[in-house]
Amino acid sequence: MNNKLYGNLIFELSKAERKGYSLPQNPYQHTTSELPAALCRQQEAQLPECDEMTVVRHYTNLSHNNFGVNDGFYPLGSCTMKYNPIINEEIAAMKMFTGLHPLQPAETCQHALELYFRLQESLAELTGLSEFTLNPCAGAHGELTGLMVVRAYHESRGDHQRTKVIIPDSAHGTNPASAAVCGLEIVEVKSLADGTVDFDDLKRLVDLEGPNIAAMMMTNPNTLGIFEHAIPEITKLIHDVGGLMYYDGANLNPMLGACRPGDMGFDVMHINLHKTFSTPHGGGGPGSGPVGVRAGLEPFLPTPRVVFRDDMFRVETGDYEQSLGSIGAFFGNFGVMVKAYVYILSLGREQMKMVGPLATLNANYIKESLKDVYELPIEGLCKHEFVFDGLKDKSTGVTTMDVAKRLLDYGYHAPTIYFPLLFHESLMIEPTENESKDTIDGFIQVMRQIAEEAKNDPELVKTAPHTTPIGRVDDVLAAKHPVVTYKQMINDAN
């Protein structure tokens, strides 16, 4: 491999007057109007000038640095990159979906509206709730929408004083952020050592804030992968003082086929459709954050809505006096919805029941296989994820960061590190349900190998990675002084 082509920026490969393209003749050149001077550049854009083979090889080599579930095991699967079957991509890319316009008449896109409607029904059945909206474009957007439903519900009853939202101290950061954006106040409840809610502290807060409580937000299982066994008592406590229960669906994966948030007493929830229902979103997108509500809260959901009436699927925006109205452009990220619905249909009712149990089995298998060499702060059954507190042998001086960097040398993407904040050397692992035992055994073997290296040759681990194009970087410098643009240097030799 040519290291220069592999490691340099495309600008650095540029040579004056070289071209890798030819544009077709403009058929409208005799009718085109000149652009106003104010809209024109004062100097030519500094674009790289490269031949076609240089461009193709440069970007092909760069693509080899991307990691995805098509390349190997990703131990953060249920959060970011769960396997997305190719058939999902093929169907989402069909012209019958990609060629649609959101303003075209409903009678010309019945297939898309039916998919939207059926997905709403499927999510309602899977979660035990009454109705869903698919309009929110991401998980945090769904949180905000769900909390807006909560606020609208209380205000419709004249409970304007209900502005407090109880949030566990172990919650995802989006929970307090979404509540604050919604104009609500955050009340933090403490967690026990295993990350579950401290019920005594919660009771104290409820006694103190009862009439002011709008809702309590919970993720179940929690951030440590532990199921909240006190859910019935918690939901009763909040409901008895007039508050609502909000379910953060970030960890819904292990619940599928095992239990439903609606049956647990939750009133509102969002689903990270791109996580649980198979659209990898590594790199920041795309996403989808459907919001579901129990019976009685449907009037507050946003518009537009897809309904089935008079033997036809219709788009409705009016006659919803209590609705939030529009919370985004049109219908959200429709391509993600197509993939999710194909995933649900591919599995079917019986196989969908296996998703949660298999995710739980895989996580517990890894945990039990490694707990003799990695520190396990919380014993017992976990769900889809679990957390180690670094290596068991602390005398080596090898940190969680070192382990994560060394994993790159073996071809594995690192799992989440230093989160949750409950432990100093947190290492969170989420295998998902679709990984084979052979794949998981390979990961376990590498994790054990790294533990052995930390004992016998700690410098090897501390200086990792050794096989990647870029070695150990200065994280502090990169965070404080990021270089996010390339300043082209004029080189007369070019």
Hey, are [Y] and [X] close enough side-chain-wise for a donor-acceptor pair under 3.5 Å?
{"X": "Asp409", "Y": "Thr467", "value": "yes"}
{"X": "Asp441", "Y": "Tyr365", "value": "yes"}
{"X": "Asp402", "Y": "Thr399", "value": "yes"}
{"X": "Ser436", "Y": "Asp438", "value": "no"}
{"X": "Tyr116", "Y": "Asn135", "value": "yes"}

message = The test is salt bridge (charged side-chain N to carboxylate O under 4.0 Å, His left out); show your working for Arg118 and Glu121 and say whether it passes.
response = CA-CA 5 Å; Arg118 300 300 180 200; Glu121 289 187 321; 3.2 Å; yes
Counterpart residues, side chain to side chain donor-acceptor pair (under 3.5 Å), relative to [X] (two or more places apart):
{"X": "Thr317", "value": "none"}
{"X": "Asp71", "value": "none"}
{"X": "Thr432", "value": "Asn434"}
{"X": "Glu433", "value": "Lys82, Asn253, Tyr343"}

Using side-chain heavy atoms (C-beta onward) and a distance below 4.5 Å, is [X] in contact with [Y]?
{"X": "His154", "Y": "Leu244", "answer": "yes"}
{"X": "Asn272", "Y": "Leu252", "answer": "no"}
{"X": "Arg406", "Y": "His466", "answer": "yes"}
{"X": "Arg305", "Y": "Thr133", "answer": "no"}
{"X": "His141", "Y": "Thr145", "answer": "yes"}
{"X": "Phe227", "Y": "Met255", "answer": "yes"}
{"X": "Met312", "Y": "Leu113", "answer": "no"}
{"X": "Glu131", "Y": "Gln120", "answer": "no"}

message = Between Met94 and Val338, is the side chain to side chain contact (heavy atoms under 4.5 Å, CB included) condition met? List the steps.
response = CA-CA 10 Å; Met94 292 173 69; Val338 176; over 6 Å; no
Pairwise distance [atom1]([X]) to [atom2]([Y]) - rounded to 0.5 angstrom:
{"X": "Glu375", "Y": "Ser426", "atom1": "CD", "atom2": "OG", "answer": "11.5 Å"}
{"X": "Leu129", "Y": "Tyr247", "atom1": "CG", "atom2": "OH", "answer": "10.5 Å"}
{"X": "Leu324", "Y": "Leu301", "atom1": "CG", "atom2": "CG", "answer": "7.5 Å"}
{"X": "Arg314", "Y": "Gln110", "atom1": "CZ", "atom2": "CD", "answer": "8.0 Å"}
{"X": "Ile366", "Y": "Ile440", "atom1": "CD1", "atom2": "CD1", "answer": "4.5 Å"}
{"X": "Tyr246", "Y": "Met269", "atom1": "OH", "atom2": "CE", "answer": "8.0 Å"}

query = Yes or no on side chain to side chain contact (heavy atoms under 4.5 Å, CB included) for Leu147 and Met217, after CA distance, side-chain angles and deciding distance?
reply = CA-CA 9 Å; Leu147 288 168; Met217 300 182 76; 4.0 Å; yes
Would you check if the side chain of [X] reaches a backbone N or O of [Y] as a donor-acceptor pair within less than 3.5 Å?
{"X": "Ser130", "Y": "Val293", "answer": "no"}
{"X": "Thr235", "Y": "Pro232", "answer": "yes"}
{"X": "Asn222", "Y": "Gly195", "answer": "yes"}
{"X": "Glu228", "Y": "Val197", "answer": "yes"}
{"X": "Glu185", "Y": "Thr163", "answer": "no"}
{"X": "Tyr374", "Y": "Met447", "answer": "yes"}
{"X": "Gln104", "Y": "His101", "answer": "yes"}
{"X": "Asn333", "Y": "Ser288", "answer": "no"}

message = Tell me whether Glu350 is salt-bridged to Lys353, with the criterion being a basic N under 4.0 Å from an acidic carboxylate O.
response = yes
query = Any ion pair linking Glu125 and Arg349 (charged N to carboxylate O, less than 4.0 Å)?
reply = yes
task = Just do the salt bridge (charged side-chain N to carboxylate O under 4.0 Å, His left out) check on Lys190 and Asp200 with the steps written out, would you?
result = CA-CA 9 Å; Lys190 296 177 182 177; Asp200 291 335; over 6 Å; no
Where do [X] and [Y] come nearest, in terms of heavy atoms and distance?
{"X": "Met337", "Y": "Leu273", "answer": "CA-CD2, 4.1 Å"}
{"X": "Thr174", "Y": "Ala140", "answer": "CG2-CB, 4.2 Å"}
{"X": "Val150", "Y": "Ala214", "answer": "CG1-O, 3.6 Å"}
{"X": "Ser191", "Y": "Asp169", "answer": "OG-OD1, 2.5 Å"}
{"X": "Phe386", "Y": "Ala363", "answer": "CE2-O, 3.3 Å"}

message = Show every ring-ring contact (aromatic ring centres under 6.0 Å, His included) that has at least one partner inside residues 416-439, sequence neighbours left out.
response = none
Would you say that more than 12 heavy atoms from the other residues, nucleotides or ligands in this model lie under 6.0 Å from the [atom1] of [X], or not?
{"X": "Arg472", "atom1": "CZ", "value": "yes"}
{"X": "Gln445", "atom1": "CD", "value": "no"}
{"X": "Leu192", "atom1": "CG", "value": "yes"}
{"X": "Leu103", "atom1": "CG", "value": "yes"}

key: Stepwise side chain to side chain contact (heavy atoms under 4.5 Å, CB included) check, Ser170 with Leu224   = CA-CA 9 Å; Ser170 63; Leu224 294 174; over 6 Å; no
Phe313 and Phe308 aromatic ring geometry - parallel, tilted or perpendicular at 30°/60° bounds = tilted
message = Ring-plane angle category for Tyr74 and Phe67, please: parallel below 30°, perpendicular beyond 60°, tilted otherwise.
response = tilted
key: Identified salt bridge (charged side-chain N to carboxylate O under 4.0 Å, His left out) partner of Asp372 from the options Lys392, Lys367, Arg448   = Arg448
I'd like a table of donor-acceptor pairs (distance under 3.5 Å, sequence neighbours excluded) in which one partner is a side-chain atom from residues 376-384, with atom names and distances.
{"residue": "Glu379", "atom": "OE1", "partner": "Lys371", "partner atom": "NZ", "Å": "3.4"}
{"residue": "His384", "atom": "NE2", "partner": "Asn251", "partner atom": "OD1", "Å": "3.4"}

ask   = Checking side chain to side chain contact (heavy atoms under 4.5 Å, CB included) for the pair Thr223/Leu422: CA distance, chi angles, key distance, verdict?
value = CA-CA 10 Å; Thr223 307; Leu422 295 170; over 6 Å; no
